[in-house]
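The structure under discussion appears below in the form of structure tokens.
Predicted model only: the values in this text are computed from it and were never measured. One-based numbering along the sequence shown.
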Amino acid sequence: MVKIYTKTGDRGQTSLFSGERVSKSSHLVNAYGTVDELNSVLGVVRSLHKRPDQLAEILYQLQNELFELGADMASGLAIAQRISDSHVHKLEEFIDDLSSGLPELTGFILPGGHPVAAHLHQARTVCRRAERLAADRARLVQ
């Protein structure tokens, strides 16, 4: 049986894939933990969104890419190796496609309404936090 805990982080340290021990409060652990949190929020969205449509495909693809990003970050690499500007461009195209039939926004949208929409708002805010943490990490590595 594979256990989901290691009992090696009980003293405030954790291991990177390289075996290096780092503080659980490090910027790196905070950043890849936030990417993991984002992936979990998208999992909630997928569990609520039961239709096999473009959104379901996008969510599945994003979860896989976030898993790879988290793995790269947990390896201790300064720059995630598998996520590139082309991924960002593709995500922007998805957003444009999904929002093409909506009326033009003239103000802010308060989170709420349908559970899928509310959790997508949550995913957006977690993603923004991950971006801020990654930017902080990049500044620290330089």
To the closest 0.5 Å, what do you measure between [atom1] ([X]) and [atom2] ([Y])?
| X | Y | atom1 | atom2 | answer |
| --- | --- | --- | --- | --- |
| Gln54 | Phe94 | CD | CZ | 7.0 Å |
| Leu62 | Leu42 | CG | CG | 6.0 Å |
| Glu131 | Thr34 | CD | OG1 | 11.5 Å |

(message) With side chain to side chain donor-acceptor pair (under 3.5 Å) as the rule and sequence neighbours excluded, what pairs involving residues 111-128 come up?
(response)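 Listed by first then second residue: His119-Gln122, His121-Arg124.
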Sub-4.5 Å side-chain heavy-atom contact between [X] and [Y]:
| X | Y | result |
| --- | --- | --- |
| Phe17 | Asp72 | no |
| Gln13 | Val22 | no |
| Glu65 | His87 | yes |
| Glu20 | Ser15 | no |

(request) Examine distances only and state if a side-chain atom of Ser99 and a backbone atom of Leu102 form a donor-acceptor pair shorter than 3.5 Å. (result)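 Pair absent, no side-chain N/O of Ser99 close to backbone of Leu102.
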(request) Check whether any side-chain N or O of Asn39 sits under 3.5 Å from a backbone N or O of Val35 as a donor-acceptor pair, and report yes or no. (result) no
Cluster overlap [X] with [Y], hydrophobic side-chain contacts below 4.5 Å:
| X | Y | result |
| --- | --- | --- |
| Ile95 | Leu59 | yes |
| Leu98 | Leu38 | yes |
| Leu120 | Leu48 | yes |

(request) Classify the side-chain pair His89/Ser86 by whether it contains a donor and acceptor separated by less than 3.5 Å. (result)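 Short answer, no.
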(request) Locate the shortest heavy-atom distance separating Gly112 from Ala117; write the atom from each residue and the value. (result)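 So the minimum-distance heavy-atom pair works out to O-CB, 4.1 Å.
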(message) Give me the atom names and distance for the closest heavy-atom approach of Met73 to Leu28.
(response)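 Met73 and Leu28 have their closest heavy atoms at O-CD1, 3.3 Å.
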(request) Scan residues 36-61 for pairs that pass salt bridge (Lys or Arg N to Asp or Glu O under 4.0 Å), counting only residues two or more places apart or in two chains. (result)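 Listed once each, the pairs are Glu37-Arg129.
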(message) Can you confirm whether more than 12 heavy atoms, excluding those of Asp85, are under 6.0 Å from its CG atom?
(response)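 No, because the 6.0 Å sphere around CG of Asp85 holds 12 heavy atoms or fewer from other groups.
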